[in-house]
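Since the model is a prediction, treat every value here as computed from it, not as a measurement. The chains referred to below are lettered A, B, ... by the order of the sequence lines, with proteins before strands, and numbering in each begins at 1.
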Amino acid sequence: MRMKIASVIVDVPTKQTDKTFDYLIPDQWIDTIQPGMRVVVPFGPRKIQGFVTGIKIHSEFQKLREIVEPMDLEPVLNHELLELGNWLTEKTLCFKIFAFQVMLPAALKAKYEKSVELANGVKTSDLPGQLQTFFKSNSKINWEEALKSGIVPLLQREASKGHLEVLYEVKEKMKKKQLKFVSPLLSITELQDELDRLPARAEKQKEVLNFFVQNYKPVELRQLLVDLSISSATVKALVEKNFLIEQDREVYRDPYENRTFERTSPLPLTDSQQKAIQPILNSIEQKQHEVFLLYGVTGSGKTEVYLQSIREVIEKGQEAIVLVPEIALTPQMVNRFKGRFGDLVAVLHSGLSSGEKYDEWRKIQRKEVKVVVGARSAIFAPFENLGIIIIDEEHETSYKQEEMPRYHARDVAIERAKTYNCPVVLGSATPSLESFARAQKKVYQLLSLPSRMNNQSLPSVEIIDMREELRSGNRSMFSSKLFDMLKERIERKEQSVLFLNKRGHSSFVMCRDCGYVVNCPNCDISLTFHSKAGQMKCHYCGYESFVPKHCPECSSEYIRYFGTGTQKVEEELGKILPEARVIRMDVDTTGRKGAHERLLKDFQDGKADILLGTQMIAKGLDFPNITLVGVLSADTMLHLPDFRSSEKTFQLLTQVSGRAGRHELPGEVIIQTYTPEHYSVELAGTQDYDLFYSKEMMVRKSHHYPPFYYLSLITVSHEQLMAAVATTEKITAYIRSRVSDETVVLGPAASPIPRINNRYRYQCLIKYKREPDLPMTLKTILDQYQKDTASGLQVSIDINPFILM
DNA sequence: ATCAGCCGGAGA
DNA sequence: CTCCGGCTGATA
């Protein structure tokens, strides 16, 4: 029996279609179509994209339709990734199609086009007059255009008469980049002969042939024309004589095309690095899955441990994935990997165009690279012989995806590593409490790098109580101590970093007189100011408007946007330290592509004395001349309604402090705060992770938070407040009835953002230690509410949420 | 998601 | 009695 039937997951993200559909494989494709390929299938009246998940002989359905065509020559998802998709679906309660799509570059997502054309044998003159003009020039008209012209009802009438046909097409979003190449068709000696035979006046042609005699290999046409300053006619003549041939060749868009990377060799390891790397190497050697927590203070040389572990993996013919948080995926970081492994490295981050991402992905798929360095989604890199997965800055919250599928890269890493029997290395100077607790319980193996390389001491940290400053009459944002030290650095020609701890990267518009903040009319959230367009925009619903001239509340003219605050700091710096050269890094100054990199380069080259910025400068900065780090306001994020706010504050302060004195010059850190007595500020000051860990663990325990309890969050939204409340109430009661006494069920309560896009949001939070049946219960709830679309209810579930919104 | 099919109310 | 519009259910 021939395997003629394919099970397909279709690109329709709803409950009802979240299952496989069977299709006949036409004879011509029978040897082509395999599981993991994208195909175009008919679905109702349209054509859509789908993923083949299996091939079989029998179907329970009688009348099967045929696959239209495959969209790939090779599967884009291998067996392991298909399985991983199933696992993701189960763990995060998402639709299968989302799980598959998240594993692929966005360029592979289908684009759909709908149009109308004349039916077979129908002439333009058969149509009503109004339509004839539309079909005069084109035999096909775009649906979007039809909508704009308002002729849709007419079209529908004609379609029902059989005069017109509606066409549904699946379009590939991304084209492979093709370039014209020229290569010799003759051997070198033959070329030489022809060269002599050419008439003397064919000077340009001689030049070209001569070039190929010197350089016997394919050359890009455009490049050739420029290099030899000839026209395409010259080449064409030689092609017509069959001396040369022109061909289209697929090339990669290389984001690092014009960059050279200085090759580095493995550095000698310190004793503690040696001690830390050995268990990892053993795990690689013995093909034993294990999770390591590499706990190393800032500047202790974690990266070198990664690099040498990867080298081992490559030597064994295996592959490595390195995850780095998006904001730390700086050129410096990329340099270190490209410098060590050269062309064997692919890089995936949000700064690349979707075409570039697609090309990097294909390098991985074709096994042309051995290492991928990337942000969260790089965890799905289609390697088939993984030898190690490394997650740097393991504690970063950006490893959790907040949309469907709501996965955590760490969980995916461990799942994949289990399949390949390879180690996972989680690295951090300030591990998440979850990971450290697991290391304490020996679930993970703890590896420590307790000291900085070359035994530089950690910078000395001083905490300044800003309330004292205020009392002694200093109303500026700089304490007198920080001011003195900044002045001193400038005199000594050393560099300083000033860090403004503001949450998020957004800026809002506020009235300076009455404090009125411009909110979104549809959502309970302030609008974000975009300096490029000079407009305010809502990040949740897309609402846009201009900044009002007068405050709607008090008519004051002093209504303007409050940036991240860096601008204000810059102004004040200009007043008190006019001689200081300042580089400001925030959303405004780094908006354009490459700006981030350029500013850092300028700072590195000593073009400024002070680097002033927000979160984005907390990571990865490693310049020898930085001897002072000042944190202007340590506690702004401490008061957020988030159970991780202490942890985040501690981590951030520790990270920032780590920027100072990483090389010969010793570093000093000043932390200004209004709550010096808070343990997360105090212990960041003494750089005492262990003590912070035990204090914070006590808090977490008493409040039933992770790592002692797991969390699941159910959010219900509806246009009517009461409907949202009532449903949340019902769900909460249902859950209470199905969990043990030890479990805490909170709710119904309004979400931290109570309204988004005119939908009211209520939630229920579940805190539990052991609830083997909870996934089933949650699935039942989702099934229940996803089934009826008519109620207008939306229920979403986040298992292990990071943001409780 | 998207569409065909169906039912019920408003208009001829 | 037709026509439009919203609701329902199916998509293999």
Contact class for A:Phe95 vs. all strands (heavy atom < 4.0 Å): base, sugar-phosphate, or nothing? nothing
Base, sugar-phosphate, or nothing: which does A:Thr20 touch, judged by heavy atoms less than 4.0 Å apart? base
Could you pull out all donor-acceptor pairs under 3.5 Å where a side-chain atom in residues 47-56 of chain A meets a protein atom, sequence neighbours excluded?
unit_1  : atom_1 : unit_2   : atom_2 : d
A:Gln49 : NE2    : A:Leu108 : O      : 3.2
A:Thr53 : OG1    : A:Ser7   : O      : 3.4
A:Lys56 : NZ     : A:Asp22  : OD1    : 3.2
A:Lys56 : NZ     : A:Asp22  : OD2    : 3.0

Taking 5' to 3' order, which nucleotide of DNA chain B is first and which is last to have an atom within less than 4.0 Å of a heavy atom in chain A? B:dA1 to B:dC3
Can you list everything that forms a ring-ring contact (aromatic ring centres under 6.0 Å, His included) with A:Tyr760? Sequence neighbours excluded, please. none
Regarding A:Lys367 and A:Glu319, does a basic nitrogen lie under 4.0 Å from an acidic carboxylate oxygen? no
Please enumerate all residues that pass side-chain contact (heavy atoms from CB on, under 4.5 Å) together with A:Thr397, with sequence neighbours excluded. A:Lys648, A:Phe802
Heavy-atom count around A:Gln720 CD within 6.0 Å, excluding the residue itself: above 12? no
Pairing donors with acceptors under 3.5 angstrom, does anything connect the side chains of A:Ser350 and A:Glu326? yes
Please set out all donor-acceptor pairs under 3.5 angstrom arising from side-chain atoms of residues 8-20 of chain A, sequence neighbours excluded.
unit_1  : atom_1 : unit_2   : atom_2 : d
A:Asp11 : OD2    : A:Tyr112 : OH     : 2.7
A:Thr14 : OG1    : A:Thr17  : N      : 3.4
A:Thr14 : OG1    : A:Thr17  : OG1    : 2.6
A:Lys15 : NZ     : A:Asp783 : OD1    : 2.9
A:Thr17 : OG1    : A:Val12  : O      : 2.7
A:Thr17 : OG1    : A:Thr14  : O      : 3.4
A:Asp18 : OD1    : A:Lys96  : N      : 2.9

Nucleotide by nucleotide, 5' to 3', does protein get under 4.0 Å of the base (B), only the sugar-phosphate (S), or neither (-) in nucleotides 2-11 of chain C, counting heavy atoms? ------S-BB
Given A:Val122, which of A:Glu165, A:Glu158, A:His163 fulfils the side-chain contact (heavy atoms from CB on, under 4.5 Å) condition? A:His163
